[in-house]
Every structure is written in C-alpha cells, then in structure tokens.
Amino acid sequence: KAGVTQTPRYLIKTRGQQVTLSCSPISGHRSVSWYQQTPGQGLQFLFEYFSETQRNKGNFPGRFSGRQFSNSRSEMNVSTLELGDSALYLCASWEGVVGYEQYFGPGTRLTVT
Amino acid sequence: AQSVTQLDSQVPVFEEAPVELRCNYSSSVSVYLFWYVQYPNQGLQLLLKYLSGSTLVKGINGFEAEFNKSQTSFHLRKPSVHISDTAEYFCAVSETDAGKSTFGDGTTLTVKP
C-alpha cells in the first residue's frame with residue numbers, strides 16, 4: 001500500500017496570507033488527523049476527521065480549519081497567517097477504529113515570513 | 001485532561017549499550033499508549049503500542065516497552081543500540097482513540113560509536 005502523502009512538502013508564505021495543505025491517506029483509512037510540530041510547543045493535535053465529519057478538535061484558534069472529502073483526502077486551511085504558524089504540519093491516517101494505529105505522512109514545512 | 005512527560009530531553013549512549021527512554025503520563029481514565037520515532041525531515045513512525053493485555057509490549061527494531069499502571073509509566077527500552085537508532089523519540093497517550101493523541105516533548109537519542 002502507498003503511504004500517507006502530503007503536498008506540498010515545503011511552502012513559504014507571507015504574514016496575512018492564507019494557505020491550504022493537502023493530505024492523502026492510506027487507501028481504506030477513514031480517519032485523518034492533523035498535528036502541528038514546532039520546536040517550542042512540540043507536537044500539538046489540531047483536529048481529526050472521520051468519514052467527512054470532524055470528530056475531535058484541539059485548542060487552536062478558528063483561523064485553523066479543515067475538511068475531509070468523500071475519498072478520505074483531507075485539507076487544512078490556515079487563514080491570516082502569523083509568524084508563529086511556521087511549523088511542520090503532520091497528517092496521520094488510520095482506520096478510525098480502536099485497536100489500530102496512526103500512520104504519519106512526511107509533513108509540510110510551512111515558513112511564514 | 002491527559003498529559004505526557006518525557007523525563008529526558010537528550011540521551012547520549014554508546015553503540016551496543018542498552019538504553020531506556022522514560023515516559024510518564026497523567027490521565028483520569030484508561031489510556032492507550034504509543035512510542036514513535038522521527039528521523040530528520042521525516043514524519044513519525046510507530047515503534048509500538050499498548051492498548052490492553054500484556055504489560056510488556058514488543059515493537060519494531062528490537063524495542064520494547066513496559067506499561068506500569070501504578071506508576072503511570074511507559075518506558076521504552078532496547079538492550080543494544082545501533083548508530084541507526086539515532087533519532088527523536090516521542091511518547092504519546094490517548095484516552096479515546098489513536099486519532100487524538102497527546103505527545104510528550106520528545107527525547108533525542110544519540111548513539112555514539
């Protein structure tokens with residue numbers, strides 16, 4: 001099976017702009033979770049989507065949003081970018097049922113200038 | 001609320017020596033526990049998981065971990081490390097499912113020749 005893919009791998013944006021990141025899960029996986037990784041805050045949970053519905057949400061401002069499509073692909077959007085949004089954004093997919101584990105993609109490195 | 005504390009931010013060790021990476025968690029309910037490894041510029045890879053049952057869990061690459069409910073710990077061990085084990089290791093806990101995990105700050109394992 002192909003692994004989790006994330007596009008783009010690297011991105012440079014300017015403060016105030018918005019950005020959309022994409023995640024394609026492993027075939028058959030119905031759940032996609034997003035995490036933000038920074039040197040200062042570590043790995044923080046953003047949200048999880050399961051069968052096109054947001055199932056869990058972390059403590060991030062409303063500028064961070066996401067969605068999942070019928071083919072389980074997911075996108076996350078960050079509006080009005082701030083310098084502090086610079087991070088590695090990781091996507092993870094899994095079957096969505098207890099007993100299974102997440103598989104992580106390589107991440108998208110977002111730099112906000 | 002759940003939380004994870006990785007007690008060592010950096011662990012240097014010589015090749016072929018044993019290693020233990022320590023992880024304590026806090027939760028008011030039963031939890032699922034995970035250890036992940038992250039190599040530079042890559043996503044996270046699952047080493048092992050504890051969901052229920054035997055408290056000694058064996059994972060990939062010769063790693064194992066022991067769940068201790070009374071001490072709320074889930075320490076990772078390897079009897080003999082290799083240079084290739086140099087990486088960042090993350091302990092994670094989830095009260096609900098793998099899709100919403102809380103991660104520790106990570107432990108950098110450096111294996112020296």
Side-chain angles (χ1 to χ4, degrees), chain A residues 3-7 9-10 21 23-26 29-51 53-60 66 68 72 74 87-109, chain B residues 1-10 21 23 25 27 29-54 57-61 63 65 74 87-108:
Chain A
V4 179
T5 58
Q6 292 187 246
T7 56
R9 290 292 311 277
Y10 301 91
L21 311 181
C23 172
S24 293
I26 292 172
H29 286 190
R30 293 181 293 171
S31 175
V32 172
S33 295
W34 288 89
Y35 294 85
Q36 181 196 65
Q37 185 176 26
T38 60
Q41 299 297 318
L43 270 158
Q44 293 187 288
F45 172 77
L46 280 156
F47 29 65
E48 179 200 8
Y49 285 87
F50 177 79
S51 295
T53 301
Q54 189 178 84
R55 183 158 70 173
N56 285 301
K57 189 178 188 305
N59 296 322
F60 277 81
Q68 186 180 34
S72 293
S74 177
L88 180 67
Y89 290 88
L90 292 165
C91 161
S93 82
W94 66 302
E95 281 86 343
V97 178
V98 171
Y100 294 89
E101 64 263 21
Q102 297 181 98
Y103 293 85
F104 281 82
T108 293
R109 173 76 61 187
Chain B
Q2 61 200 29
S3 65
V4 178
T5 302
Q6 291 186 239
L7 298 169
D8 307 290
S9 60
Q10 298 196 37
L21 306 183
C23 172
Y25 70 92
S27 175
V29 300
S30 297
V31 295
Y32 308 111
L33 294 156
F34 309 86
W35 273 101
Y36 293 88
V37 60
Q38 185 178 33
Y39 299 101
N41 299 316
Q42 293 187 28
L44 278 69
Q45 179 184 9
L46 181 72
L47 284 174
L48 46 80
K49 62 183 179 184
Y50 172 80
L51 302 179
S52 64
S54 173
V57 180
K58 293 190 183 297
I60 63 171
N61 300 343
F63 284 95
F74 190 55
E88 186 91 12
Y89 291 79
F90 292 92
C91 180
V93 62
S94 177
E95 294 177 348
T96 54
D97 52 55
K100 183 186 178 185
S101 295
T102 298
F103 285 81
D105 290 337
T107 296
T108 301

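More than 12 heavy-atom neighbours from other residues, nucleotides or ligands sit within 6.0 angstrom of NZ on A:Lys57. Heavy atoms of other residues, nucleotides or ligands lying less than 6.0 angstrom from CG of B:Asp105 number 12 at most.
For the pair A:Gln102 and B:Tyr36, the tightest heavy-atom approach, listed with the atom from each and the gap, is NE2-OH, 3.7 Å.
For A:Tyr35 (side chain) and B:Ser101 (main-chain N/O), a donor-acceptor pair under 3.5 Å exists by modelled atom type.
Residue A:Leu88 touches chain B through its side chain alone, counting heavy-atom pairs closer than 4.5 Å. For A:Gln37, the part lying under 4.5 angstrom from a heavy atom of chain B is the side chain only. Only the side chain of B:Leu46 comes within contact range of chain A, with heavy atoms under 4.5 Å apart.
The line from CG of A:Leu90 to CZ of B:Phe103 is 8.5 Å long, rounded to the nearest 0.5 Å. How far OH of A:Tyr103 is from CD of B:Gln45: 10.0 Å, rounded to the nearest 0.5 Å. Here the straight-line distance linking atom CD of A:Glu101 with atom CG of B:Leu48 works out to 10.5 Å at 0.5 Å rounding.
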Please determine whether side chain to side chain contact (heavy atoms under 4.5 Å, CB included) holds for the pair A:Leu43 and B:Gln38, giving the CA-CA distance in whole Å, both sets of side-chain angles, and the decisive distance to 0.1 Å. CA-CA 12 Å; A:Leu43 270 158; B:Gln38 185 178 33; 5.5 Å; no
